[in-house]
Amino acid sequence: MGLVEIRGLNEAHIREISNIKKEEAWILDYRLDSFRYFMNESMPSFGPEIHLSFDDIIYYKSSVADSIQDSWSRLNKRVTEELDELGVIESEQHMDGIGVQYESEVIYHNMIDELKEKDIIFTSIEDAMRKYPELVRKYFGKIVSNHENKFAALNGSVFSGGSFIYIPPHTKLDRPLQSYFRISSRSMGQFERTLIIVDDDSELHYIEGCTAPDYSESSLHAAVVEIYVGKRSKCRYTTVQNWAHNVNNLVTKRALVDEDGEMVWVDGNIGSLVTMKYPCCVLKGDRSSGTCITISVASTNQEQDTGARMIHLGKNTKSKIISKSIARNGGNATYRGDVKITKDALYSEAMVKCDTLLLDEISKSDTIPRNLTENDSSTIEHEATVSKISDENLFYFMSRGIDKERAMELIILGFLEAFRSELPMEYAVELNQLLKRNL
Amino acid sequence: MQMNIEDLTVTVAEGKKILDHFSLALAPGSIHVIMGPNGCGKSTLSKVLLAHPHYNIVSGDIIVDGNSILPLSTDARSRLGIFLCYQNPISVDGVTNSEFLRTALTETTQERINVYTFMKAMEKGIEELSMDPAMMHRFINQDFSGGERKKNEILQMKMLKPKFVILDELDSGLDVDSLRIVCQNVNQYKEENPDTTILLITHYPRILEYIHPDYVHVMRDGKLVEMGDLSLAQKIEKEGYLGTTSMGGEHHGE
Ligand SMILES: Nc1ncnc2c1ncn2[C@@H]1O[C@H](COP(=O)(O)OP(=O)(O)O)[C@@H](O)[C@H]1O
Ligand SMILES: [Mg+2]
């Protein structure tokens, strides 16, 4: 098979993608249904303005190899070198399993033997659709509808790559699983689709990383992540996105949490041009809980429109949102949140805490919470602060011999500590480096 | 360190004069006490010595070992060896005491410090001050009592090894036992580093039972109005500040 590149969006192109992937008919139907919805749906009525020319975007680009590899040496040398430079290969030693998506296709997948013995599935979504069609079909598109919003519909039309994870009942992993997403070409769109199923009484920690080189043309990352958290299970999904400053990052992430289940989103947004992302927990089962800890750093020309959504359906459900935003050099960091405790979700509790740090006069921030409870036995607590780095804090640090730049760095890292402390050690260190480069 | 504060006049943003032609010479190894009523400018003086951004120097100079330090930033003055133990130390979220102190020590000494050596030294200091060892990993002064904050300041002093120590109302917020422990640590530091200059600011003479000054100064309305030895402090103890004059250092009713 030669290299394929599909630019522009129309029905023929969607059929071509489906054909390349040799998918079953229901998947093509799903793509076409999504596409119809996409065409009729307008751009989001809220949040930042998005400037995209849908005709100029590359929707699919095949990889050099035609199958997924489990050894770095079998990958294209240039790609391996690129991934090595990014630290991806090095990070494998800290994980129980790792997958890499380059442009549209997953090119690398490997996991320790123990996972295979435990019947854990960790592969690309396409591979899962071929090998485990019933399992995929039971959940795919059921947690995030392709009619949810314009970009979820776009993802439904052209999705390619992304991870599929299945953790059988009564199964725990010692270390996280990780996927790494890399956009390398100009005007490339990445539309991965991730589906995670943590069956009853199990636990998973999944980490997602992503980067792209900086081009002047804007590009698009429109992913969909669906997670099912079974009864008494725990799932933690950690992302630190460092997209280049030309990437529009419009992602729909949602977890459906069953009885006594626990979902934690740890979501860091440092790169990108525009990000719109509100990880969501649907707390369906009684006594289920959801947490979202998010940070956003917005610098020149960047708009981080991020937050979380918590939908309480079950009784005695609990949710917590902690959002930390930093705006500097004219950036805009906005918290947009939605907490809803429905009529039947009796005795539920929600807590929202958003703090913003403005580093100068020209940067902007906004807090747009929507908190609604439909019964009397539940409570929503909301707290928001906006602050600057105070002269007193700087003076205290500097009066101990620490220069101004280093003092600001420490204070900023301190502001983000609630997030940093949620990251595995290697990631916390990497985040520090990343923040230093971006501040 | 020889410090000469020369005819220093300082205002705040609104133009209000807080220090008014203030002069004081402090020789290496000397212990000076400045006493004065609330609001007379004692804390302002201590912050001005470290270039706090809210104060403007209208005239005068601060000379350290022959050179003006007015051009130096706060951190540079700190690295020269000037240390302020704050009257009301702030708390900072998300930065642990050990992270903060290790950074300060690295910047002050300009040397990489072995983590293990650092931890051992910090633990020793914590023990000498009868502090909770868990404080290392807590955020700077977060949920610390007034007394714990003051102990933390002294811990920092012991680790950073300054040459010129300003103790601003060291006794405030300390109970009797803590005051004794903190003063013992200050005295021990002074014993081990006899060239250290100490500028002790207080408006209660009680602390002078522990730290014995060479000179006692009385400050009013932004300037020094009287100088003496311990007996001056004792007089103030009995009579209050009313016996001291506010203008020109002259005594009333004599
Ligand atoms: N940054 C400031 N802005 C305005 N007024 C100040 C500032 N700092 C101190 N002052 C005023 O200066 C006077 C002296 O304050 P301070 O030096 O704290 O006194 P002391 O420590 O002797 O009690 C007080 O009247 C105080 O209100
Ligand atoms: Mg004071």
Side-chain angles (χ1 to χ4, degrees), chain A residues 266 268 293-297 322-326 353-360 383-423 425 428-429 431-433 435-436 439, chain B residues 13 46-55 72-86 88-111 137-142 149 152-153 155-157 159-162 164-166 168:
Chain A
V266 179
I293 301 170
T294 147
I295 60 161
S296 292
V297 180
I322 296 175
S323 158
K324 303 265 178 181
S325 310
I326 296 177
K353 183 172 179 353
C354 355
D355 299 316
T356 304
L357 190 61
L358 284 175
L359 295 190
D360 52 45
E383 194 187 300
T385 66
V386 179
S387 54
K388 298 187 291 185
I389 292 185
S390 73
D391 286 345
E392 292 309 326
N393 282 14
L394 268 184
F395 183 65
Y396 192 72
F397 279 61
M398 291 172 73
S399 75
R400 298 302 187 241
I402 301 170
D403 69 35
K404 189 171 177 183
E405 210 170 298
R406 186 87 184 92
M408 289 187 60
E409 207 175 278
L410 275 176
I411 293 168
I412 289 167
L413 289 177
F415 175 77
L416 299 175
E417 173 60 24
F419 179 84
R420 286 199 303 153
S421 63
E422 294 292 329
L423 296 177
M425 176 80 134
V429 172
L431 180 75
N432 293 355
Q433 302 302 332
L435 288 167
K436 278 177 203 169
L439 288 169
Chain B
S46 67
K47 287 187 249 180
V48 163
L49 295 181
L50 277 156
H52 191 289
H54 291 175
Y55 303 98
L72 299 184
S73 60
T74 301
D75 52 316
R77 293 189 197 187
S78 164
R79 289 193 297 267
L80 270 189
I82 305 174
F83 181 92
L84 169 58
C85 171
Y86 289 81
N88 298 305
I90 56 161
S91 66
V92 184
D93 198 16
V95 184
T96 63
N97 287 299
S98 64
E99 194 180 4
F100 173 63
L101 194 43
R102 193 149 79 93
T103 308
L105 196 57
T106 311
E107 302 274 321
T108 300
T109 59
Q110 298 288 315
E111 277 169 33
H137 310 292
R138 286 168 63 192
F139 300 143
I140 301 170
N141 292 334
Q142 195 129 78
R149 286 178 193 228
N152 198 7
E153 297 287 294
L155 175 65
Q156 293 173 20
M157 177 200 78
M159 303 271 306
L160 296 175
K161 305 222 179 319
F164 188 102
V165 178
I166 310 156
D168 190 2

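Scope of the values below: all heavy atoms of this structure, side chains included, with no hydrogens, waters or symmetry mates. Numbered from 1 within each chain, the chains take letters A, B, ... in sequence-line order. On a predicted model such as this, the values are computed, not experimentally measured, just so you know.
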Proximal component of B:L50, with respect to chain A [non-hydrogen, under 4.5 Å]: both
How far does CD of A:E392 sit from NZ of B:K47, to the nearest 0.5 angstrom? 5.5 Å
Under a 4.5 Å heavy-atom cut-off, does chain A meet the side chain of B:A51, its backbone, both or neither? backbone
Between A:G401 and B:S78 the two heavy atoms that sit nearest each other are N-OG, 2.8 Å
Could you grab the distance from atom CZ of A:R400 to atom CZ of B:R79, nearest 0.5 Å is fine? 14.0 Å
Once rounded to the nearest 0.5 Å, what's the spacing between atom CG of B:D93 and atom CD of A:E417? 8.5 Å
Heavy-atom closest pair (B:D75 atom, A:K404 atom, distance to 0.1 Å) is OD2-N, 4.5 Å
Roughly how far, to the nearest 0.5 Å, is OG of B:S91 from OH of A:Y396? 9.5 Å
Who wins among B:R77, B:Q156, B:E99 for the most heavy-atom pairs under 4.5 Å with chain A? B:Q156
Heavy-atom distance under 4.5 Å to chain A: side chain of B:F139, backbone, both or neither? side chain
To check you understand the geometry: which heavy-atom pair defines the closest contact between A:R420 and B:G94, and what is its length? NH2-O, 4.3 Å
Does A:S399 reach the side chain of B:L84, with side-chain heavy atoms less than 4.5 Å apart? no
The interface call for A:F415 against chain B, heavy-atom contacts under 4.5 Å, is backbone
With only heavy atoms counted, which part of B:I140 is less than 4.5 Å from chain A, the side chain, the backbone, both or neither? side chain
Over 12 non-hydrogen atoms of neighbours within 6.0 angstrom of CD in B:Q142: yes
Under 4.5 Å to a heavy atom of chain A? For B:N141 that would be side chain
Sort out for me which of B:A76, B:A104, B:S73 touches chain A most, counting heavy-atom pairs under 4.5 Å. B:A104
Output the distance between atom OG1 (B:T74) and atom CD1 (A:I402), rounded to the nearest 0.5 Å. 12.0 Å
